[in-house]
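Taking it in order: structure first as structure tokens, then the write-up.
Every chain is numbered from 1, with letters handed out A, B, ... down the list of sequences. For the numbers below, each heavy atom of this structure counts, side chains included, while hydrogens, waters and symmetry mates do not.
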2 protein chains.
Amino acid sequence: MTSVEEPARPNGRIRDAARTRAEILDVATHEFARAGYDGARVDEIAASTRTTKRMIYYYFGGKEQLFTAVLERAYGVIREAEQSLDVEHLDPVAAIRRLAELTFDHHEQHPDFIRLVSIENIHGAEHIAASEKLGKIGSPALDVIRRILESGQKSGLFTADVDAVDLHAMISSYCFFRVANRHTFGALFGRDLVAPARREHYRTMLGDMVIAYLTAERATD
Amino acid sequence: MTSVEEPARPNGRIRDAARTRAEILDVATHEFARAGYDGARVDEIAASTRTTKRMIYYYFGGKEQLFTAVLERAYGVIREAEQSLDVEHLDPVAAIRRLAELTFDHHEQHPDFIRLVSIENIHGAEHIAASEKLGKIGSPALDVIRRILESGQKSGLFTADVDAVDLHAMISSYCFFRVANRHTFGALFGRDLVAPARREHYRTMLGDMVIAYLTAERATD
DNA sequence: TCGCTAATGTACGAACTAGTACGTTAGCTA
DNA sequence: TAGCTAACGTACTAGTTCGTACATTAGCGA
């Protein structure tokens, strides 16, 4: 019990603005994702921190701005992941499948992010609207899709008449639903959509679906 | 302003248990869907009602049970809609497309329901678990899908190796995402997924996607 | 090393919020 | 028509929750 790990601090007080800010963000992310915006308690967030509630208001201004900051960081993470996307060397079919699988993986690995997005939608995306960063964050994935799609459509491989945004929506919806709605779906239909044993099955299914859609022979009426 | 519509009531007090209960449920549905479980205020719900807060506790017992009752009724509505599903006379391809379109329409027409499901997922589907009704509500849609799928697979028309639950998840995810995530998606990508002008486009896209997936030629490796 | 300020802690309050104690009455039934 | 009870209303409370006023200090720069 008596500390050994602790660095020699005169009073237990350490000053590290960046660390304190980051720690608040970490804890707040979990708490907001766990309980929703209104369900989250700033006292609770503060208590799970090395510091006090005062610091939340000092660094972020209030609960609302804290949530916005949480969102900004969470979106920043996917943006980074998307930027490391490297599929342009593949043929269009393989590239799209790979992109879909990366989206699938990212959703699965970041359930907190999915919950935050659900929560933000309940609140009409008002925090995104209020954020300067999030408005112009863009989407590297969208650019990648655009290029793959163009290449595939030009070569005649892709017959579907979709643009990048709609295809992105299609892929996202599948990945998002699986994580976001796993509780109600599981409770109602008795199937765990995120069971590890079914993971590969659903990952393949997504790729099959998207490729089938893009390459299907269409009636020329 | 001075009432003319009002029926002659001695004191403004009318007794109608069923009506009062139903009105509370209506208002609560809106309020919960609007603000989330924790964001909703039972005082607010009561105020939007002809009656008082006391009645909410009289009829439902508490906020938690009220939310459960709201969910039960909302799920009851889709269940009814699904029961009127009549596609068995169509060939498998047309039947699946019709089913997908009905799902699409239902999601679009009941945004409050979609929000309630999102909210319930944030809370780990604990209210569904606590409800006796919801556990065994079943899904007529699932039975329909099962039959269509069997028929299509037997005839060799459908090549995909899916079961009804997974196909239902696929269709639902598309329909759900479009409505549930329209705010963040719109804010981030500048595209309104529920714009009336794009409605037909997305409806067709869903059918194309599902049919393409089910009927695609698959590598036999 | 001295002082200044960014960073931190404590204690508190005003407003809100779920829930309840208690009282009232409409309208059915015997 | 008398009385009983389901249905309803009022007023209140205990506990919570966001936010802040005020006090303190670590540690950097002059």
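- A salt bridge links A/Asp105 with A/Arg199; the closest basic N to acidic carboxylate O contact falls under 4.0 Å.
- A salt bridge is absent between B/Asp163 and B/Arg146: the closest approach of a Lys/Arg side-chain nitrogen to an acidic carboxylate oxygen does not fall below 4.0 angstrom.
- Taking the six-membered ring wherever Trp is involved, the centroid distance between the rings of B/Tyr174 and B/His107 does not fall below 6.0 Å.
- A donor-acceptor pair shorter than 3.5 Å cannot be found between the side chains of A/Arg79 and A/Ser139.
- When rounded to the nearest whole Å, the span between CZ of B/Arg15 and C1' of D/dC8 equals 6 Å.
- Cation-pi check for A/Lys63 over A/Tyr57 is not met; the charged atom does not lie both under 6.0 angstrom from the ring centroid and within 45 degrees of its normal.
- A distance below 6.0 Å separates the ring centres of A/His127 and A/Tyr37.
- In summary, the side chains of A/Ser173 and B/Arg178 do not present any donor paired with an acceptor at a separation below 3.5 Å, with no hydrogens or angles considered.
- B/Tyr75 and B/Phe113 have their aromatic ring centers within a separation under 6.0 angstrom.
- Heavy-atom distances under 4.0 Å link DNA chain C to A/Ala17, A/Thr20 of residues 17-42 of chain A, given in residue order.
- Salt bridge annotation for B/Glu200-B/Arg203: present, with a cationic side-chain nitrogen under 4.0 angstrom from a carboxylate oxygen.
- Residues of residues 52-74 of chain B having a heavy atom closer than 4.0 Å to DNA chain C, listed by number: B/Lys53, B/Arg54, B/Tyr57, B/Gly62, B/Lys63.
- Salt bridge annotation for A/Glu31-A/Arg41: absent, with no cationic side-chain nitrogen under 4.0 angstrom from a carboxylate oxygen.
- Each end of the helix from C/dT1-D/dA30 to C/dA30-D/dT1 gets its own rotation axis from five pairs of C1' atoms, and the angle between them is 0° to the nearest 10 degrees.
- Rounded to whole Å, the distance from CG on A/Asp43 to P on D/dG15 is 17 Å.
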